[in-house]
Colleague: 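Could you have a look at this structure, given as structure tokens, before my questions?
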Amino acid sequence: MDSLERFATEKLARLDATGLKRTLATTSRASGAVVWHDGQRLISFSCNDYLNLSTHPDVIAAALGATQAYGVGAGASRAVTGNHPLYAALESRLAALKGTQDAVVFGSGYLANSGIIPALLGTADVAFVDALAHACIWAGAKRSGAKIITFAHNSTADLTNLLAAHRAQYRHALIATDTVFSMDGDLAPLDALADLAAAHDSWLLSDDAHGLGVVPRQPGAGRVQLQMGTLSKAIGGYGGYLCASANIIALIRNRASSFIYSTGLPPASIASAIAALDFIALNPAYAALPLAKAQQFTAALGLQPAQSPIVPVILGDARAALAASKMLQEHGFLVTAIRPPTVPYGTARLRCTFSAAHGDADIDRLAGLVADLLAKKS
Ligand SMILES: *Cc1c(COP(=O)(O)O)cnc(C)c1O
């Protein structure tokens, strides 16, 4: 065996031994919450398509129409010839929704944060990052070369101390957080973070990937200078975005390498995002369902009310989380185990996500099974 093969084999064996090896199961998503996973029909509590818009007839029709009009691919980066006519409509929609002067759409949410942060920060600067912020915020912060200082999750007290101790040594400072935390479902204290940013001449970036369309905007959201997010969760498709002032957006279009050196999105992705945003604007009661269903689940378990459609059930050990997921699968539910390094060591969990399509009886049955699990654990 050559050294590369040996490296891969040994590394995989180590992951396997600690319950951390990942294998991809083929999953095809039918309508509603039903999926076919490894050949089994399951009710999924593991999709981020909170409003089931990925399969909505109007959204599909928009994608088909755009494909017929413009083809399947953008053909080049947006700065060259990939800036097809649908982009301007989507960007002005997003800016209006977030109350900013302008917006820019990226290839994905991951690409957005990977490009935004290095376009704004360099080696003379500092990024204060929430300990549980999404991997793509860390990727962007690392690429920027800025000093990275982690603050305790949602702790404005810790952030206050860190800003007081370190801010002055650097030229520019960024505070970066998720708006809705992707693995915990809780919300960042945006108003307090905006106060701290203002008091310490720092910029504030908040990643609303799991909020857009399904979590009411919080106090302080309008004070966030860099409002990024994705079109891949409640919007049902693909693509990332940043909403900000006209000058910031113009700078990002000039300087974010993940924007400049990557091909524009397929026209179908842009058209379907516009159709999904139209649908959400016209159907606010429907858009409120995922949060209400998550709250039905937390109420059934006697947990704190869900703040978003994401509810974690923390089991600790990665193997325990895998076993719990397998048990739920035997009862017809798909709830994937989330393990390190996606979440901190010792906090492996079932991550339950709720969509508008979940039936009340299925939610109650899942809650019953989870209650048994938690009773056995304690
Ligand atoms: C999913 C997610 C992303 C990545 O978005 P993609 O469009 O899937 O690349 C970024 N940030 C958070 C918080 C996410 O949950």
Side-chain angles (χ1 to χ4, degrees), residues 24 27 29 45-51 53-54 90-91 94 98 103-118 127 129-143 153-154 174-188 190 193 204-215 217-218 221 224 226-243 252 256-259 262-266 268-270 272-273 276-277 290-291 294 306-312 336 338 341-344 349 351-355:
L24 299 180
T27 306
R29 301 181 44 243
F45 286 89
S46 288
C47 298
N48 300 319
D49 184 17
Y50 301 114
L51 298 172
L53 292 178
S54 73
L90 177 58
E91 288 173 344
L94 288 167
K98 297 285 188 176
V104 57
V105 169
F106 285 80
S108 72
Y110 196 102
L111 285 171
N113 276 332
S114 306
I116 294 162
I117 300 173
V129 182
D130 185 286
L132 298 185
H134 191 266
C136 63
I137 291 181
W138 296 98
K142 283 183 192 146
R143 271 193 72 218
H153 174 53
N154 273 352
L174 176 75
I175 299 168
T177 184
D178 290 12
T179 310
V180 176
F181 284 85
S182 59
M183 297 298 136
D184 293 78
D186 55 344
L187 309 182
L190 292 183
L193 293 177
L204 181 58
L205 179 148
S206 188
D207 177 341
D208 195 33
H210 292 278
L212 181 64
V214 285
V215 177
R217 250 163 96 77
Q218 295 171 68
V224 177
L226 302 160
Q227 301 185 52
M228 72 75 57
T230 178
L231 306 170
S232 67
K233 308 275 160 72
I235 308 304
Y238 202 60
Y241 65 85
L242 174 70
C243 295
I252 293 296
S257 58
S258 61
F259 176 81
S262 190
T263 299
L265 279 165
S269 295
I270 304 294
S272 57
L277 290 168
L291 178 56
Q307 295 177 288
S308 75
I310 302 165
V311 180
T336 41
I338 307 284
T342 307
V343 292
R349 67 196 64 189
R351 172 178 176 271
C352 308
T353 57
F354 294 84
S355 83

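We count ligands from 1, going down the list as the structure has it; atoms in each ligand are counted the same way. Heavy-atom basis, side chains included; hydrogens, waters and symmetry copies ignored.
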Colleague: Sequence neighbours excluded, which residues qualify as side-chain contact (heavy atoms from CB on, under 4.5 Å) partners of Thr177?
Modeller: Asp130, Phe181, Ala188, Leu190, Leu193, Ser206
Colleague: Is it the case that the ring center of Phe106 lies less than 6.0 angstrom away from the ring center of Tyr241?
Modeller: no
Colleague: Below 4.0 Å from any atom of ligand 1, which residues have a heavy atom? Give them in chain and number order, please.
Modeller: Ser108, Gly109, Tyr110, His134, Cys136, Asp178, Ser182, Asp207, Ala209, His210, Thr230, Ser232, Lys233
Colleague: Is the side chain of Ser272 donor-acceptor paired with the backbone N or O of Ala268 at a distance under 3.5 Å, no angle test?
Modeller: yes
Colleague: Backbone N or O of Asp207 within a donor-acceptor pair of the Thr179 side chain at under 3.5 Å?
Modeller: yes
Colleague: Can you list everything that forms a salt bridge (Lys or Arg N to Asp or Glu O under 4.0 Å) with Asp186? Sequence neighbours excluded, please.
Modeller: none
Colleague: Applying salt bridge (Lys or Arg N to Asp or Glu O under 4.0 Å), can you list everything that pairs with Asp178, at least two apart in sequence or on another chain?
Modeller: none
